[in-house]
Amino acid sequence: MAYPIDSIGIGPVLADRLRDAGITTTDEFLDRAGDAAARRGLAEALRIDPAILLAWAGRCDLFRIHGLGRARAELLEAAGIRTVAHLATSTPDPLAARLAEVNRGGAYCAVTPGPRIVADWVAQAGQLVTRVRCGPEPVEA
């Protein structure tokens, strides 16, 4: 499901730059910034560091998981999970424990997701196609 681009937690000025470039949703952002070459071009056009675009791409990617909004995506990022592909390779129980550790005192969200919810996220992630690629694209023979 696509969300408005400003829902990922970027400021209004940068959200306006993205909208001016024709990017209004998280899915459109992934279409335009999912791979390294496209991110470099977009970063140049928008005068934004490609590393920032990579972080935003990861967040947009995590938004594809049902039940993940901004606060939970930020919690996953703080625990070291940056993309759906990374989430798909995670083991639910240790990840749930790590999320509880990172979220002590409600630092990211009021209720820390438990093992059952985390297991659902991991299962969902395993069913999704990779949309964020960090390195160079493979060369076809």
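Position 1 is the first residue of the sequence, and the numbers go up from there. Hydrogens, waters and symmetry mates are skipped; everything else that's a heavy atom, side chains included, is used. From a predicted model like this one, the values you see are computed outputs, not experimental measurements.
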Closest heavy-atom pair, N103 versus C109, reported as atoms and distance to 0.1 Å, is ND2-O, 2.9 Å
Would you indicate whether the side-chain heavy atoms of I5 and R19 approach each other to under 4.5 Å?
yes
Shortest non-hydrogen contact from V118 to P113?
CG2-O, 4.0 Å
Could you pull out all residues at least two apart from E77 that satisfy side chain to side chain contact (heavy atoms under 4.5 Å, CB included)?
R59, L62, E74, R82
Output all residues satisfying salt bridge (charged side-chain N to carboxylate O under 4.0 Å, His left out) with D49, sequence neighbours left out; order by chain, then residue number.
none
Between the OG1 atom in T26 and the CZ atom in R64, the distance rounded to the nearest 0.5 Å is 9.5 Å
Starting from W121, can I reach Y108 by hopping between I/L/V/M/F/W/Y residues whose side chains sit under 4.5 Å apart?
yes
Is the closest side-chain heavy-atom distance between L30 and V132 below 4.5 Å?
yes
Applied to residues 39-89, the ring pair (Phe, Tyr, Trp, His ring centres under 6.0 Å) test, sequence neighbours excluded, yields Y3-F63
What's the verdict on side chain to side chain contact (heavy atoms under 4.5 Å, CB included) for L76 and L99, showing C-alpha distance, side-chain angles and the deciding distance?
CA-CA 7 Å; L76 281 169; L99 294 176; 3.9 Å; yes
When you compare the side chain of L18 with that of D6, does any pair of heavy atoms fall below 4.5 Å?
no
From R32 CZ over to L42 CG, what is the distance, rounded to the nearest 0.5 angstrom?
5.5 Å
Sequence neighbours excluded, the answer for salt bridge (charged side-chain N to carboxylate O under 4.0 Å, His left out) partners of R17 is none
Nearest 0.5 Å please: distance from the CD1 atom of I8 over to the CG atom of D61.
11.5 Å
Interatomic spacing from CG in D31 to CG in D35 - rounded to 0.5 Å:
11.0 Å
Please report the interatomic distance CD1(I10) to CG(L53), rounded to the nearest 0.5 Å.
9.5 Å
How far apart are the closest heavy atoms of R98 and A79, and which atoms are they?
CG-CB, 3.8 Å
So which heavy atom on A96 is nearest to which on G114, and how close?
CB-C, 4.1 Å
Does some side-chain heavy atom of L95 sit less than 4.5 Å from a side-chain heavy atom of L87?
yes
If you group Ile, Leu, Val, Met, Phe, Trp and Tyr by side-chain heavy-atom gaps below 4.5 Å, do V102 and I81 land in one group?
yes
I'd like to check the side chain to side chain contact (heavy atoms under 4.5 Å, CB included) partners of P94; sequence neighbours left out, ordered by chain and number.
T91
ring-ring contact (aromatic ring centres under 6.0 Å, His included) filter on F29, not counting sequence neighbours, yields none
If we only count heavy atoms from C-beta on, is the I52 to L14 side-chain gap below 4.5 Å?
no
Residue among Q124, Q127, R72 satisfying side chain to side chain contact (heavy atoms under 4.5 Å, CB included) with I65:
Q124
Any donor-acceptor N/O pair, R133 side chain to A37 backbone, under 3.5 Å
no
